[in-house]
Structures are given as structure tokens and as C-alpha cells.
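Keep in mind it's a predicted model, so treat the numbers as computed, not measured.
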Amino acid sequence: MKRPLTIPDEPQPRNITRADLVMTEGFGLEVDGRMKTIFPTLAAAQKSALDIKTKYPMLQVKVYDAAKKTRALTRIFTGLPSQT
């Protein structure tokens with residue numbers, strides 16, 4: 001037998017980061033052209049970007065600087081010499 005659906009008296013507040021709002025401060029993590037997370041410092045954003053790029057090397061990961069309005073691509077350096 002199905003239980004009746006109970007609706008709470010007050011809905012839970014939702015904490016949603018909207019992608020259509022332009023960042024004005026901090027550093028954003030952009031994965032495959034989509035803004036994912038906002039960080040207060042460049043070091044934290046770069047660390048997260050490098051962790052994601054190391055785990056999933058096929059993704060395009062960039063760090064967005066809101067103050068300068070620029071993006072920096074994250075790359076993994078293997079340390080192997082290039083073959084010519």
C-alpha cells in the first residue's frame with residue numbers, strides 16, 4: 001500500500017549558484033566552458049583545477065579571474081622530454 005505524500009509546512013531554502021550572473025570578485029573554476037565553483041583566492045582555484053585536470057585529463061579546465069576578466073588554461077606537465 002502506498003503511503004500518502006506529506007508536504008512540509010515550510011519548504012527548505014535552496015542554495016543555488018546561478019550561472020547567468022557575472023562574477024565581480026574572486027576566481028571561478030570553468031570546466032568545459034561551464035562555470036562550476038567560485039574561490040576567494042587564486043591558489044585555491046588553481047589547486048582545484050589541477051586536481052580535476054589530473055583526475056580527468058580529457059576535460060578543458062580554466063581558472064577565471066573576475067577582477068581582470070581573464071581565463072587561464074590549466075595544463076598538466078608530465079616532465080617527459082618532447083619527441084622531435
Side-chain angles (χ1 to χ4, degrees):
M1 183 169 155
K2 292 185 181 179
R3 294 184 196 176
L5 181 64
T6 57
I7 300 174
D9 294 335
E10 293 182 22
Q12 295 291 328
R14 296 174 62 187
N15 187 8
I16 298 174
T17 304
R18 292 183 46 182
D20 61 343
L21 298 178
V22 179
M23 289 177 47
T24 57
E25 60 184 27
F27 299 89
L29 184 64
E30 184 179 309
V31 180
D32 282 346
R34 308 241 182 209
M35 210 44 94
K36 296 295 181 184
T37 310
I38 299 171
F39 295 93
T41 64
L42 177 61
Q46 287 176 335
K47 181 183 181 312
S48 181
L50 190 58
D51 291 345
I52 291 172
K53 188 68 175 177
T54 303
K55 193 170 183 179
Y56 305 103
M58 75 294 278
L59 296 178
Q60 183 181 38
V61 182
K62 295 180 183 179
V63 175
Y64 175 71
D65 184 352
K68 295 179 183 177
K69 297 181 181 173
T70 59
R71 289 173 173 81
L73 186 64
T74 302
R75 297 181 185 202
I76 299 175
F77 296 103
T78 59
L80 299 175
S82 61
Q83 296 179 5
T84 55

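At a threshold of 4.5 Å between non-hydrogen side-chain atoms, the residues L29 and I52 count as touching. A 4.5 Å side-chain heavy-atom check between D65 and L42 finds every atom pair outside the cut-off. For the pair T74/Q46, no side-chain contact is recorded, criterion being any heavy-atom separation below 4.5 Å from C-beta on.
Residues L59 and F39 are members of one and the same hydrophobic cluster, defined by side-chain heavy-atom contacts under 4.5 angstrom among Ile, Leu, Val, Met, Phe, Trp and Tyr. Tracing side-chain contacts under 4.5 Å through hydrophobic residues (I, L, V, M, F, W, Y), one never reaches I76 starting from M58; they form parts of separate clusters. When the side chains of ILVMFWY residues are joined at heavy-atom separations under 4.5 Å, either directly or via intervening members, Y64 and V31 end up in two distinct hydrophobic clusters.
A donor-acceptor pair under 3.5 Å is formed between the side chain of T54 and the backbone N or O of L50.
Under 4.0 Å is where a charged nitrogen must lie from a carboxylate oxygen, and between D51 and K47 at least one such pair does.
Atom NZ of K62 sits about 14.5 Å away from atom NZ of K36, to the nearest 0.5 Å.
Checked options R75, E30, K53; the residue passing with V61 is K53 (criterion: side-chain contact (heavy atoms from CB on, under 4.5 Å)).
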